[in-house]
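In this text the structure is predicted, and so the values were computed from the model without any measurement. Hydrogens, waters and symmetry mates are skipped; everything else that's a heavy atom, side chains included, is used. Numbering of residues begins at 1 and proceeds along the displayed sequence.
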Amino acid sequence: MAARLAPILCALLLSLFGCATQSGEPTERPDAQRSCTLAGCAAPYEIRAVVLAMWEVGEVEGDSPGEFQLWKSRQGLDRRLPFPHGEFDLYLNEKTGVLGAVTGVGTAKSAATVMALGLDPRFDLRNAYWLVAGVAGIDPEDASIGSAAWSTYLIDGDLGHEIDAREIPADWSTGFFPLRTPGPYPDERPASRGELFKINDGLRNWAFELTQDTALPDSPALEQARSRYTEHPRAQLPPFVLKGGHMAAMTYWHGALMNRWANDYVRYWSDGATDMVTSAMEDTGSYLAIERLHRLGRVDQSRFMVLRAGSNYTMPPPGISAIENLRSEQSGYTAMIASLEALYRVGSRVLDELTGNWSRYRDRVPSAL
């Protein structure tokens with residue numbers, strides 16, 4: 001009886017835990033090359049690239065798209081792998097070695113998800129490239145909505161001192177200022193304790209050079225939205241690919257004064273190397289996990305890239321108040337679908353080059369000045 005029941009029980013439990021035959025040999029799904037459980041695989045998957053999206057509207061396919069759906073469908077990420085220690089399961093293309101993950105919104109969730117993924121024994125991530133591909137607010141001083149920006153400097157906008165704006169000294173530009181300082185932006189900058197992350201700018205520059213001529217989607221709706229920014233010439237341009245600093249903060253901020261603060265804060269921590277071009281929430285958390293995984297020999301932190309596309313402007317056009325513009329955006333961003341498409345068009349050129357020429361890039365990280 002036990003011998004007859006074993007194959008049935010194995011089939012029922014395989015999808016969750018894996019199981020073995022009486023001979024001790026692992027059984028496999030018909031479409032799998034190896035049998036894996038959450039404890040690991042007989043032969044771990046060698047991952048060539050990880051795509052990190054941050055959120056989905058609902059499901060990962062078949063409904064209104066969030067950041068992950070285009071990657072799942074167009075990159076053929078059809079192998080679903082359970083990931084109960086994250087918000088969504090993982091999806092893999094076994095032929096190309098591209099793995100997709102959705103981290104969840106915010107620095108805490110992104111750090112936890114990336115750390116869990118990096119420690120997962122099912123994957124060999126030592127040579128994997130990491131691509132953050134997400135939407136963001138974009139500064140109209142630098143670019144138009146629908147544009148896509150590659151970042152080197154990731155600045156955390158949460159670690160700091162803050163006093164209420166109604167109580168700041170008259171000669172201060174902001175009530176939010178760096179930790180371990182007496183006020184906004186003293187000449188002697190303290191050492192970073194998580195406020196500043198600088199990723200591989202050679203890889204970022206290589207990715208930019210590869211993708212800077214990518215045609216990005218445009219539409220009459222985008223043209224009408226950007227035409228209102230009459231005081232910002234770059235905000236009126238059709239969408240394009242650029243380079244620039246990134247601000248990661250858990251608070252969704254908006255407005256001209258906050259925009260000035262974000263630019264000043266990024267300039268301060270980057271020692272004037274860049275200002276704020278895009279603003280979102282997760283990337284300092286993701287890269288913090290990558291740094292620590294690098295120390296364990298699990299990943300190579302020099303292979304991490306951040307690509308953000310502007311779904312909305314970080315400040316209103318002339319004649320509209322910050323709160324009025326913020327409330328109008330709560331019904332949906334004009335450039336949401338365009339920015340998702342821009343992320344895929346730009347990011348997939350990099351992924352396809354890396355994974356399609358793996359013998360060239362497995363042991364050598366590309367770089368450009």
How many angstroms lie between atom [atom1] of [X] and atom [atom2] of [Y], to the nearest 0.5 angstrom?
X: L296; Y: E291; atom1: CG; atom2: CD; result: 12.5 Å
X: E61; Y: E59; atom1: CD; atom2: CD; result: 8.5 Å
X: L131; Y: Y129; atom1: CG; atom2: OH; result: 12.5 Å
X: L92; Y: L90; atom1: CG; atom2: CG; result: 9.0 Å
X: I155; Y: S192; atom1: CD1; atom2: OG; result: 8.0 Å

Do [X] and [Y] meet the criterion of a side-chain donor-acceptor pair at a distance under 3.5 Å?
X: T96; Y: R48; result: no
X: S110; Y: T113; result: no
X: R303; Y: Y361; result: no

Original post:
Can you check whether M336's main-chain N or O pairs, donor with acceptor, with S311's side chain at less than 3.5 Å?
Top reply: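 Flag not set: sc S311 to bb M336 has no pair under 3.5 Å.
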Subject >> Side-chain donor/acceptor of H254 to backbone N/O of T314, under 3.5 Å >> reply: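 Side chain of H254 to backbone of T314: a pair is present.
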Would you say the ring centroid of [X] lies under 6.0 angstrom from that of [Y]?
X: Y91; Y: W71; answer: no
X: F176; Y: Y265; answer: yes
X: F88; Y: F83; answer: no

Original post:
What orientation do Y268 and Y185 show, parallel under 30°, tilted 30 to 60°, or perpendicular over 60°?
Top reply: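 Tilted.
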Considering only NZ, NE, NH1 and NH2 on the basic side and carboxylate oxygens on the acidic side, decide whether [X] and [Y] come within less than 4.0 Å.
X: R180; Y: E195; value: yes
X: E341; Y: R345; value: yes
X: R267; Y: D264; value: yes

Original post:
Which of these passes side-chain contact (heavy atoms from CB on, under 4.5 Å) with F197: D283, V306, I290, L154?
Top reply: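 By the side-chain contact (heavy atoms from CB on, under 4.5 Å) criterion, F197 pairs with just one of D283, V306, I290, L154: L154.
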**OP:** Using the ring pair (Phe, Tyr, Trp, His ring centres under 6.0 Å) rule, take Y313 and Y229 through it: C-alpha gap first, then chi angles, then the decisive distance, then the call.
**Re:** CA-CA 10 Å; Y313 290 111; Y229 284 80; 4.1 Å; yes
Original post:
What are the two closest non-hydrogen atoms of P238 and D218, and how far apart are they?
Top reply: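 Heavy atoms of P238 and D218 come nearest at CB-OD2, 3.8 Å.
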**OP:** Indicate yes or no: at least one non-hydrogen side-chain atom of D139 is less than 4.5 angstrom from one of V277.
**Re:**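 No, every pair of side-chain atoms sits at 4.5 Å or beyond.
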**OP:** Check whether more than 12 heavy atoms from other residues, nucleotides or ligands sit under 6.0 Å from atom CZ of R74, and answer yes or no.
**Re:**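 Enclosed: over 12 neighbouring heavy atoms sit under 6.0 Å from CZ of R74.
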